[in-house]
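Right, one structure below, let's go through it.
Counting from 1, the numbers follow the sequence of the chain as shown.
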Amino acid sequence: MRRFIEAMVGVDGVDIGYGDYDTLFVKREYDSYYYFFFLKEKEQLSNLQSEAEDIFHQLKKSKIYQPDMDKNTTCIFCLRIEEDEYYKIEKEEEISEISKIICLIEEDLNYFKKNVFLYTDKMEKFAQKNIGKFELLCEEYFTEESFREYKKSNKDSFEYDFLINMFIKIPFLSFYEYQKKKDIKYQAAESFIEKRCAAMEIDLELINKLSMDLEKLEDEDALYKWVDTLIEQRNSNDQGVLEVINNED
């Protein structure tokens with residue numbers, strides 16, 4: 001899973017080290033930081049529940065430490081679990097031991113915000129086969145048809161389940177931004193304005209010229225003079241059109 005996430009992040013992460021854990025520390029936009037822990041067993045998750053303070057102090061001692069990290073770091077604990085246990089978590093009538101641990105971790109906001117990202121063996125193999133293809137996977141699986149299939153059975157649609165959980169548990173991933181790029185309803189403001197003006201037969205060249213003229217005006221008197229001239233030109237043009245119509249009659 002580490003290699004998949006490293007490729008998805010697209011920047012150089014560093015392993016600042018914490019005990020025997022496999023870690024990855026990355027910086028993203030707006031001075032936000034993400035501290036990934038790739039766990040080998042559930043016991044490690046239980047241990048990390050009470051080690052937030054130690055993790056925090058270890059980070060402050062590292063060579064890459066900056067004051068911004070104190071309030072802008074999210075820990076993400078990545079753990080593979082058995083399929084039966086994974087799908088049992090989502091059944092409302094059953095609260096497993098790992099569910100309790102996850103709640104304790106994610107509800108504790110001391111030192112860091114913390115998320116637990118779980119996945120199954122099938123999901124890990126899926127990730128290993130698609131290292132460096134995160135964007136392509138989103139394009140392939142984030143469709144209305146895939147969503148309908150996911151609603152019927154998240155177990156049968158484990159690929160969709162895996163990808164959507166990444167957006168839920170990894171804060172720098174923005175499903176909204178991804179949808180904006182994909183959805184044809186979203187477009188550049190300039191393109192939208194041009195199409196609307198064309199549909200309403202508005203002369204954009206004239207509007208641009210008027211805007212440039214306005215920017216050159218230095219005072220109120222110049223503005224009034226410019227408006228008067230504009231009105232005279234408009235009246236002159238209207239008169240010319242009327243003369244053409246009368247001549248044709």
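- Residues that satisfy the salt bridge (Lys or Arg N to Asp or Glu O under 4.0 Å) test with Lys100, not counting sequence neighbours, are Glu97.
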- Kindly determine whether Asp161 and Tyr87 satisfy side-chain contact (heavy atoms from CB on, under 4.5 Å), including the steps that lead there. CA-CA 11 Å; Asp161 193 16; Tyr87 293 107; 4.2 Å; yes
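- Between Lys133 and Glu140 there is no salt bridge, since no side-chain nitrogen of the basic residue lies less than 4.0 Å from a carboxylate oxygen of the acidic one.
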- Item | Ile170 and Phe36: CA distance, side-chain angles, deciding distance, side-chain contact (heavy atoms from CB on, under 4.5 Å) verdict | CA-CA 10 Å; Ile170 304 177; Phe36 289 89; 4.0 Å; yes
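- In this structure, SG in Cys103 is found 12.5 Å from CG in Asp108, a value given to the nearest 0.5 Å.
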Side-chain donor-acceptor contacts of residues 45-55 below 3.5 Å, not counting sequence neighbours, with atom names and distances?
unit_1, atom_1, unit_2, atom_2, d
Asn47, ND2, Glu43, O, 3.3
Ser50, OG, Asn47, O, 3.2
Glu51, OE1, Tyr18, OH, 2.8

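- Distance check: Ile102 CD1 to Lys114 NZ gives 14.0 Å after rounding to the nearest 0.5 Å.
- Side-chain contact between Ile5 and Met166 is present, with at least one heavy-atom pair separated by less than 4.5 Å.
- Cation-pi contact between Lys122 and Phe158: present, with separation from the ring centre below 6.0 Å and deviation from the ring axis of at most 45°.
- Scanning both residues, Tyr65 and Lys60, for their nearest heavy atoms gives OH-NZ, 2.9 Å.
- When all heavy atoms are compared, the tightest approach of Met69 to Leu59 is SD-CD1, 4.0 Å.
- With sequence neighbours excluded, the residues satisfying salt bridge (Lys or Arg N to Asp or Glu O under 4.0 Å) with Lys125 are Asp121.
- Side-chain contact check for Gln66 versus Ile64: every heavy-atom pair is 4.5 Å or farther apart.
- The minimum heavy-atom distance between Arg28 and Val9, with the atom names listed, is NH1-O, 2.7 Å.
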- Message: One pair to check against side-chain contact (heavy atoms from CB on, under 4.5 Å): Asp156 and Glu149. What are the steps and the verdict?
- Response: CA-CA 8 Å; Asp156 292 334; Glu149 293 301 315; over 6 Å; no
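- Expressed to the nearest 0.5 Å, how far SG of Cys75 lies from OH of Tyr35 amounts to 7.5 Å.
- Between Glu159 and Leu137 the shortest side-chain heavy-atom distance does not fall below 4.5 Å.
- Between Lys42 and Ile98, the closest heavy-atom pair is CD-CD1, 3.9 Å.
- In the model, Asp70 has no side-chain atom that pairs as donor or acceptor with a side-chain atom of Tyr33 under 3.5 Å.
- Annotation for Asp22 and Arg2: closest pair OD1-NH1, 2.5 Å, computed over non-hydrogen atoms.
- Residues Val116 and Ile101 are not in side-chain contact: their nearest non-hydrogen atoms beyond the backbone lie 4.5 Å or more apart.
- Between Phe37 and Phe77, the distance separating the two ring centers is shorter than 6.0 angstrom.
- Rounded to the nearest 0.5 Å, atoms OG (Ser157) and CD (Glu145) are 10.0 Å apart.
- Taken from CG in Asn154 to OH in Tyr86, the straight-line distance is 7.0 Å, to the nearest 0.5 Å.
- Checked against a 6.0 Å centroid threshold, the rings of Tyr119 and Phe4 do not count as neighbours.
- For Asp20, the CG atom sits in a loose shell: 12 or fewer heavy atoms of surrounding residues, nucleotides or ligands are nearer than 6.0 Å.
- The six-membered or imidazole ring of Phe142 lies near that of Phe167, with a centre-to-centre distance under 6.0 Å.
- Leu173 contributes atom CG, which lies 11.5 Å from atom CG of Asn165 (distance to the nearest 0.5 angstrom).
- Shown here are the ring-ring contact (aromatic ring centres under 6.0 Å, His included) partners of Tyr111, two or more places apart in sequence or in another chain: Phe56.
- Under a cut-off of 6.0 angstrom, the local environment of NZ in Lys169 is crowded, with over 12 non-hydrogen atoms contributed by other residues, nucleotides or ligands.
- Residues Phe117 and Phe38 fail the side-chain proximity criterion, which asks for heavy atoms closer than 4.5 Å.
- Residues passing the salt bridge (Lys or Arg N to Asp or Glu O under 4.0 Å) test with Glu41: none are found, sequence neighbours excluded.
- Salt-bridge check for Glu6 with Arg3: failed, with every basic side-chain N at 4.0 Å or more from each acidic carboxylate O.
- Scanning all heavy atoms of the two residues, the minimum distance from Gly132 to Ala7 falls at N-CB, 3.6 Å.
- Sorted by first then second residue, the side chain to side chain donor-acceptor pair (under 3.5 Å) pairs that include residues 71-84, not counting sequence neighbours, are Arg80-Glu124.
- Phe126 and Ile168 fall into different hydrophobic clusters, where Ile, Leu, Val, Met, Phe, Trp and Tyr are joined by side-chain heavy atoms under 4.5 Å apart, directly or via other members.
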